[in-house]
Amino acid sequence: MAEIYIGEEDYRSFEDKTFGDYLEQRYPELYAKALAVKFASEKKDLSARIPGPGKIEVLTFETEEGREIFWHSSAHILAQAIKRLYPDAKFDDGPALKHGPGHFFYDIYLEHKISEDDFPRIEEEIAKIVKEDLPLKRRTMSRQEALAYFQQKGEIFKVDILKRLSDNTEISLYRQGEFEDLCRGPHIPSTGKAGVFKLTAVSGAYWKGDAANPMLQRVYGVSFPTQEELEKYLAKLEEARKRDHRKLGQELKLFLFVEEGPGFPFYLPRGTVLFNTLCEYIREECVKRGYVEIRTPIMLSQDLWVRSGHYENYREHMYFSEVEKKGFAIKPMNCPGSILVYQSELRSYRDLPLRQAELGLVHRHELSGVLHGLFRVRSFTQDDAHIYCTYEQLEGEIEKAISFTKEVYERFGFKNILVYLATRPEKSMGSEEAWQKATQALIKALAKTGTAYQVKEGEGAFYGPKIEFNIEDALERHWQCGTIQVDFNLPERFALEYIGPDGKKHQPVMIHRAILGSLERFMAILLEHYNGKLPLWLSPVQVKILTISQEQLVYAQEVLQELRKAEIRCELDDSNEKISYKIRQWNAEKINYAVIIGRKEAAEKLISVRSRGHQETETMPLEQFLEKLRAEIAQKNCVN
RNA sequence: GCUGCCUUAGCUCAAUCGGUAGAGCAACUGCCUUGUAAGCAGUAGGUUGCCAGUUCGAUUCUGGCAGGCAGCUCCA
């Protein structure tokens, strides 16, 4: 970022001038790129008067704050274009974005339904506005004046925004040509600096984000200073589209969705291997840390869910059924089942902490509109666990769970992990004191493990506060995976107890935790993260044997048997095709290794090995290849 | 669930103005006996998502339903 100091003397000669004037004279090259400035940690328009000597930070498209201003101004230009084409459009809000389907959007009320077919017309009008190079002029007025002004223009949404502001706020407006918008600013100096645009999406958005409110139309767009940058962005989008796990899942034959089961994934043979491999990994890691594993039924009596509070607090996400006039529910969570296992024996303090893991299949009714490949489904398997411990053990157990979680993410190569602390929601049960204690325990453990986190107010589970772990995928999207929750409520509701050293009954505390979260979601993240090129230990098919001609079939079968005996996941391509065709197929399947067998290899009882992403082959005895595979699998290396 | 868009062979996509559908890949069969990213030929594959309506006639127009996509709201 360019920083400039305007000294006492210099300032005197620019006393009545603007930042723009100053830059234009002193730093013409920088002026050409400047969008706005930051002075005394306040963002200002270039047309703002210099208030005094000091540091000026010049905001250009190269800076994050500069881009935000650029895109915010883009939203204004979008609105202006729409107003020109549809004069009865009313505008709500049009901010810049950090993530999502565009750099900016504008929420609009308009009778005409804007469709993608309208985009070219709107884009054309935007280009005209950019070409007109209209200066953006700021003016201020009182809130009362602004209210009257927008009322008279019929901009009812702007009026609503103004009504929510306090009375002594100074209101600023920005005008570009015939279009004027309520806005805090700052903005780029003129529409000529806005560059090239592309509209990317149109959809509905609830007014003020409330589902009870009517819907506005939200038009999304992207913009860049130059055409090249726009094209580069579009190419990146295309790359992301190719990485979509839904597409990879189909191409690699991993999983399937059918009309008969919306949101209920089917695992194909290869996807099942991946699923099972992840389960095995989690099991091993749990065993190392003193967990025991249980399995509980998918369907349990409705009374149980009433007792646990799910019926009261979670009903809209549950599936119900009736058998012999008795109500049943399919489990949306594993905790009540786990509790019944805890209660099956009289527990002693010597049994605690009891770490009870379950790879549990849960069903949750999700609204149809939120389903999204494996990221968002209606039935999924959680790598769940419930830890029953004494109050004294609580913090230590949370700390262990935090480091366990971090270790697992590291294994898969996820570097960026965001942690949140979600506190008591409105719809929840239990005493305020229990919530306080539980939340404090989480905070202490976070501090002790040196975990940076942000607070999500009111986003906890209905029975307790939670730590949420989000990992960042290759497309820089964040996905919630792991969670650690402290629960005083379910032990209370189910009257859980253990016999203490004093021979008396005490109530244990419960920790709910999941690391991968949903195996389905985690698989999807892995697929996008690795672009379908799974590391060897996770690959459904690790090796494919390709014969040069039918002559080598017998030897190829022998090699296949040997590899399978060594528990290598292996397939043989015995089709009557040329080797180049088989290589092409092998590559498309993203299988880690190809073993190529021709006349030479068969004669010498050797194999030729080619690895994914490489052109060269290496000829070796089968045993040597097996050693190499064993070593690589044992490493569970996830760096490609 | 809400708003908008989409649905044609296993997959990716065509089909003019309303005249009952085609291609490539995959599959299958045969030929070639193949040396590192598509060998050649042939065969089969469809109630155009489902149900109504308009029409002499609907893949095409209208309505409803289902599923999908993007976003909103929600979330592991």
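Naming convention: chains lettered A, B, ... in sequence-line order (proteins, then strands); numbering from 1 in each chain. All values below come from the heavy atoms of this structure, side chains included, with hydrogens, waters and symmetry mates left out.
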Nearest to the side chain of A/Asn587, heavy atoms from C-beta on, is which of B/rA70, B/rU3, B/rA37? B/rA37
Under a 3.5 Å limit for both distances, which nucleotide forms a Watson-Crick or G-U wobble pair with B/rG46, could you say? none
Check: A/Asn213 main-chain N/O paired with A/Lys208 side-chain donor or acceptor under 3.5 Å: no
Reckon A/Gln480 touches a base, only the sugar-phosphate, or nothing at all at heavy-atom distances under 4.0 Å? sugar-phosphate
Start at the 5' end of RNA chain B and walk down; is the nucleotide closest to A/Glu577 or to A/Cys481 reached first? A/Glu577
Base, sugar-phosphate, or nothing for A/Gly482, non-hydrogen atoms under 4.0 angstrom? nothing
Both A/Phe257 and A/Ala211 contact RNA chain B. Which one's nearest nucleotide lies toward the 5' end? A/Phe257
Could you measure between the two C1' atoms, the one in B/rU59 and the one in B/rU48, and give it in whole Å? 5 Å
Starting the side chain at C-beta, find the nucleotide from B/rG71, B/rU12, B/rA76 nearest to A/Arg376. B/rA76
Distance check: side-chain N/O of A/Thr483 vs OP1/OP2 of B/rA76, anything under 4.0 Å? no
Using whole Å, report how far CG of A/Asn213 lies from C1' of B/rC2. 12 Å
Using a cut-off of 4.0 Å on non-hydrogen atoms, how would the nucleic acid contact of A/Arg378 be classed: base, sugar-phosphate, or nothing? nothing
For A/Thr296, does its backbone N or O pair with a side-chain atom of A/Glu358 as donor and acceptor, under 3.5 Å? yes
Have a look at A/Ile579 and say if it touches a base, only the backbone sugar-phosphate, or nothing, with a 4.0 Å heavy-atom cut-off. sugar-phosphate
Nucleotide nearest A/Ser203 (side chain, heavy atoms from C-beta), chosen from B/rG35, B/rA70, B/rG1: B/rA70
Where the side chain of A/Ser580 is concerned, which of B/rA70, B/rA76, B/rA37 is the nearest nucleotide? B/rA37
Classify A/Lys600 by what it touches in the nucleic acid, base, sugar-phosphate, or nothing, heavy-atom distance under 4.0 Å. base
Closest listed nucleotide, where the reference is the side chain of A/Glu551 and the choices are B/rA70, B/rG71, B/rU33: B/rU33
Less than 4.0 Å between a side-chain N and a carboxylate O, is that true for A/Glu589 and A/Arg270? yes
Is the ring centre of A/Phe380 under 5.5 Å from the base ring centre of B/rA76, and are the two planes under 30° apart, so that they stack? yes
Just by distance, do the side chain of A/Arg243 and the backbone of A/His529 share a donor-acceptor pair under 3.5 Å? yes
So, does A/Arg513 use its side chain to make a donor-acceptor pair with the main chain of A/Asp383 at under 3.5 Å? yes
Complementary nucleotide for B/rA37 - Watson-Crick or wobble, under 3.5 Å: none
Paired with B/rG4: which nucleotide, if any, by Watson-Crick or G-U wobble criteria at under 3.5 Å for both distances? B/rC69
Report the nucleotide, chosen from B/rA76, B/rG71, B/rG68, that has the shortest atom-to-atom distance to any side-chain atom of A/Glu468. B/rA76
Heavy atoms only, 4.0 Å cut-off, all strands: where does A/Lys466 land among base, sugar-phosphate and nothing? sugar-phosphate
Which nucleotide in the list B/rC72, B/rA76, B/rG71 gets nearest to the side chain of A/Pro101? B/rG71
Hey, is the main chain of A/Ile467 close enough, under 3.5 Å, to the side chain of A/Thr483 for a donor-acceptor pair? yes
For B/rA26 and A/Tyr581 - does any side-chain N or O of the residue sit under 4.0 Å from the phosphate oxygens OP1/OP2? yes
Nearest-angstrom distance, P atom, B/rU73 to B/rA66: 24 Å
